[in-house]
Amino acid sequence: MQPYLYLFLSFFCSAVAREISFPPIAGVRSYASQLPLQRYGAASDEDVSLETDPMDGLTSFAHLPHVACFSAAEEVESYDIAVIGAPFDTGTSYRPGARFGPHGIRDGSRRIRPLHSWNMYTGYNPFLQWAKAVDCGDAPLTFVDNTVALKQLGKAHKIISNRLATNISASKIPRILMLGGDHTVTLAALRSTIDHWGVVNVIHFDSHIDTWNPHAVGGGVSDYAAVNHGTFLHIAHEEGLISNESSIHAGIRAPLGTRHRDLDNDARCGFDIIKARDIDEIGVKGIIKRIKDRVGNGNAYITVDIDVLDPAYAPATGTAEPGGWSTRELLSIIDGLSGLKVIGADVVEVSPAYDNAGETTCIAAGEVARSLIGLMVDVPVSASS
Ligand SMILES: *[C@@H]1O[C@H](CO)[C@@H](O)[C@H](O)[C@H]1NC(C)=O
Ligand SMILES: *[C@@H]1O[C@H](CO)[C@@H](O)[C@H](O)[C@H]1NC(C)=O
Ligand SMILES: [Mn+2]
């Protein structure tokens, strides 16, 4: 890097660091003390610094500080937004591997640095608003019993959201951004959000509707098998966790069984459908408008199955469907949802074993997660408001 650029960056970052007095981003070190290296010469120890670089440290999401949020300890460092991993993939119908999704997304997020996250489309840095974000690590989930694993995950969610947030004048309840895991994990999240936020409007980005009849998907072999990544939204509806009138799917394109069986049931579960090819007719703006019109002012939970992207942009997923959106389109749509009250979110179905050497899927998923944090801080909302 040219010395003058280095100087400029150091100056710029120290200026930002001075302006922001709260919240502290613990563990994220500022660049303020960096000095330009002596030109051509070996630098002395005082001149070099061990500040944040994309490759350093232990890998948390976006280098956020790790907090043991769901430890048994009564008091842990407070936070407003908690990232949590859900290493679970025994609810999948096709290729497994999403249990390594949290690990993959964190790896894909290594170039995300909170102090360098000013978004040129939204005009703000999601990490330097009112909320303090941390990474809680992964929930310990058993790999031998799905229903027990979902209970473990639900318990972790509840412990995390029951702690008092940092900036209580914005919101007393911390919000959770979950990294999946196959899509079944969203059920555990919704079983927890209802406690603090009531019935939520689900904005579901996916190529599949995921409201399939629990006793049809997988052949209805047992009640145990009925809980899986193609049925969790049906179950969430039956359990009264989600709005039956203002939820919406976006990016749908996977073939259905029959129109009657699948679409009628889907509408009964409360969903409107934006199909993948609708973007060719109404564009990104039209998609944003349809989602906003549907969801309105209510509390929204956004769940992003990475297979909403075309397999060209996200090959590393369990049930890829050709003909999806590009990464740019998806990011434009998500950033365009500013103004909605987003109280929780997840990115799921990232299955790193199928990624390419360029980590295309994991990098995209990390970026989607950063945009979701942007929506969470865009509108502070109090619980049960
Ligand atoms: C807390 O959040 C509110 C927004 O609701 C913001 O105006 C305020 O600056 C935040 N407090 C701190 C100390 O950042
Ligand atoms: C949603 O649920 C309420 C209460 O159970 C019911 O009155 C209403 O008809 C339902 N709406 C739809 C679209 O099914
Ligand atoms: Mn899907």
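Here the structure is a predicted model, which means the values were calculated and not measured. Nothing fancy with the numbering, it's 1 onward along the sequence. Counting starts at 1 for both ligands and their atoms, in listed order. Excluded from the calculations below are hydrogen atoms, water molecules and symmetry mates; all remaining heavy atoms, backbone and side chain alike, are included.
- Considering each of Ser171, Ala170, Ala131, the one bringing a non-hydrogen atom nearest atom 5 (O) of ligand 1 is Ala170.
- Salt-bridge annotation for Arg110 and Asp107: present, with a side-chain N of the basic residue lying under 4.0 Å from a carboxylate O of the acidic one.
- Not one N or O of Trp130 is nearer than 3.5 Å to an N or O of ligand 1, by distance alone.
- Among heteroatoms of the N, O or S kind in Asp307, OD2 lies nearest the Mn ion (ligand 3).
- Side-chain atoms of Thr186 and Tyr301, non-hydrogen and from C-beta on, do get closer than 4.5 Å to each other.
- Here Asp210 does not reach the Mn ion (ligand 3): none of its N/O/S atoms is less than 2.8 Å from the metal.
- In summary, the side chains of Ser351 and Arg95 do not present any donor paired with an acceptor at a separation below 3.5 Å, with no hydrogens or angles considered.
- With a cut-off of 2.8 Å, the Mn ion (ligand 3) has an N, O or S atom of Asp206 in range.
- Among the heteroatoms counted here (N, O or S) of His208, ND1 is the one nearest to the Mn ion (ligand 3).
- Near Asn167, the atoms of ligand 1 lying under 4.0 angstrom from a non-hydrogen atom of the residue are 1 (C), 2 (O), 3 (C), 8 (C), 10 (C), 11 (N), 12 (C), 14 (O).
- Judged by distance alone, with hydrogens and angles left aside, the side-chain atoms of Lys292 form a donor-acceptor pair with the main-chain N or O of Ser338 at under 3.5 Å.
- Minimum-distance N/O/S atom of Asp305 relative to the Mn ion (ligand 3): OD2.
- Every residue two or more places apart in sequence or in another chain was checked for a salt bridge (charged side-chain N to carboxylate O under 4.0 Å, His left out) with Asp145, and none qualifies.
- Partners of Ser71 according to the side-chain contact (heavy atoms from CB on, under 4.5 Å) rule, which considers only residues two or more places apart in sequence or in another chain, are Ala68, Ala73, Val76, Arg163.
- Of all atoms in ligand 1, numbered sequentially from 1 with element shown, those under 4.0 Å from a heavy atom of Ser169 are 1 (C), 2 (O).
- Each of His249, Arg253, His183 was checked for a side-chain hydrogen bond (donor to acceptor under 3.5 Å, both in side chains) with Asp206, and the lone residue meeting it is His183.
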